[in-house]
Amino acid sequence: MTTLLAATLQPGDYVGFTFFIGSMAMLAATVFFFFEMRNVDGKWRTSLLVSGLITFIAAVHYYYMRDFWVENGTSPTEFRYIDWILTVPLMCVEFYLILKAFGAKMALLWKMIFYSLWMLVTGYLGETVFRDSSALWGAISTLGYAGIFYEVWFGSAKKLAKNSNNPTLQKAFSTLAWFIFVGWAIYPIGYMAIPGGFLSGVLPLESLDIMYNIGDAINKIGFGLVIYSLAVNSKKTPSTVTA
Ligand SMILES: *C/C=C(C)/C=C/C=C(C)/C=C/C1=C(C)CCCC1(C)C
């Protein structure tokens with residue numbers, strides 16, 4: 001029992017590889033976002049701080065999750081959902097923060113947080129307590145996902161971005177909306193690998209963790225980088241680029 005856990009990572013353990021890569025990537029991204037806070041305009045610092053907190057919370061959970069995986073060879077479901085229940089609402093906060101200057105209200109933030117909690121709590125139940133009916137719970141969970149999707153593609157968040165008349169903001173917002181559409185869709189695909197799920201005959205159960213790990217890296221780090229480039233590009237105010 002004194003062996004280093006890292007030493008138990010076996011050749012061919014691709015899920016384990018993605019846990020280790022994810023762990024390091026989250027750590028590196030956290031350092032980057034925190035250090036870059038001093039290089040952006042004051043009004044963007046909170047957004048960058050939140051980006052760093054998202055990857056920081058994930059880095060800590062990945063540290064536990066990779067050990068859990070190499071030790072047990074099973075999905076670290078609890079750590080996974082504790083991580084998500086903290087980080088997904090923080091991603092909603094990111095939307096709120098960038099839209100605040102253009103009239104976003106707290107009600108929008110609460111609505112998005114409610115949708116994400118709905119999505120995650122019901123997803124957790126389907127993955128654990130009611131695993132035999134994971135498909136049903138996955139469908140219920142998808143309603144929460146659909147709520148967030150609607151908000152950023154058609155709802156009030158979308159309208160605020162549209163009315164901002166700020167092309168830099170609009171570009172960042174639409175990239176984030178694509179993350180919600182394509183990046184977040186990775187998770188339900190992994191979930192469908194659970195026995196009894198729509199893809200359980202096609203995907204081995206290991207794909208669940210591979211998909212979740214890839215999804216986390218893309219979405220958490222990618223989201224943060226979009227916010228970062230928004231902050232950097234917003235520096236170029238019209239008065240400084242003319243002439
Ligand atoms: C950083 C973590 C993120 C962005 C996690 C996102 C998770 C989802 C979008 C999960 C969605 C699910 C469904 C839409 C249905 C099946 C159950 C879930 C929870 C995997």
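When a ligand or atom number is given, it counts from 1 through the structure's own listing order. These numbers come from a predicted model, not from an experiment.
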Subject >> Nearest protein heavy atom with distance in Å, relative to atom 18 (C) of ligand 1 >> reply: Ser141 OG, 3.9 Å

Original post:
Do Ser75 and Asp209 meet the criterion of a side-chain donor-acceptor pair at a distance under 3.5 Å?
Top reply: yes

**OP:** For ring pair (Phe, Tyr, Trp, His ring centres under 6.0 Å), just list the numbers for Phe95 and Phe223, CA-CA rounded to whole Å, side-chain angles, deciding distance to a tenth of an Å, and then say yes or no.
**Re:** CA-CA 10 Å; Phe95 274 107; Phe223 232 71; 5.7 Å; yes

**OP:** Decide whether Asp83 and Tyr62 meet the rule of one side-chain donor and one side-chain acceptor closer than 3.5 Å.
**Re:** no

Original post:
Under 4.0 Å from any heavy atom of Asp216, which atoms of ligand 1 are there?
Top reply: 1 (C), 2 (C)

Original post:
Any salt bridge between Glu151 and Lys158, counting N to O under 4.0 Å?
Top reply: no

Original post:
Met91 heavy atoms, cut-off 4.0 Å: which ligand 1 atoms fall inside?
Top reply: 4 (C)

Subject >> Pair Glu36-Tyr228, side-chain donor/acceptor within less than 3.5 Å >> reply: yes

Subject >> Closest approach of any protein heavy atom to atom 3 (C) of ligand 1, naming residue and atom >> reply: Tyr187 OH, 3.3 Å

Original post:
Which word best sums up how the rings of Phe149 and Trp153 line up, parallel for under 30°, tilted for 30 to 60°, or perpendicular for over 60°?
Top reply: parallel

**OP:** Output the distance between atom OG (Ser229) and atom NZ (Lys171), rounded to the nearest 0.5 Å.
**Re:** 7.0 Å

**OP:** Could you tell me whether Trp84 approaches ligand 1 through its side chain, its backbone, both or neither, with non-hydrogen atoms closer than 4.0 Å?
**Re:** side chain

Subject >> For Lys220, atoms of ligand 1 separated by under 4.0 Å from a heavy atom >> reply: 1 (C), 2 (C), 3 (C)

**OP:** With heavy atoms under 4.0 Å as the rule, classify the contact between Tyr81 and ligand 1 as side chain, backbone, both or neither.
**Re:** side chain

**OP:** Please could you name the atoms of ligand 1 that Thr87 approaches to less than 4.0 Å, counting only its heavy atoms?
**Re:** 1 (C)

**OP:** Have a look at ligand 1 and work out which part of Asp83, if any, has a heavy atom under 4.0 Å from it: side chain, backbone, both or neither.
**Re:** neither

Original post:
Which of these, Leu53, Val40, Leu97, sits in a side-chain contact (heavy atoms from CB on, under 4.5 Å) with Leu48?
Top reply: Val40

Original post:
Looking only at side chains, do Asn213 and Arg80 share a donor and an acceptor under 3.5 Å apart?
Top reply: yes

**OP:** Mind checking whether Ile54 contacts ligand 1 via backbone (N, CA, C, O), side chain (CB onward), both or neither, at a 4.0 Å heavy-atom cut-off?
**Re:** neither

**OP:** Any atoms of ligand 1 less than 4.0 Å from a non-hydrogen atom of Gly138? List them with their elements.
**Re:** 15 (C)

**OP:** Check each of Met119, Met192, Met211, Arg80 against atom 11 (C) of ligand 1 and report the one with the nearest heavy atom.
**Re:** Met119

Subject >> Protein residue, atom and distance nearest to atom 20 (C) of ligand 1, heavy-atom basis >> reply: Tyr212 OH, 3.7 Å

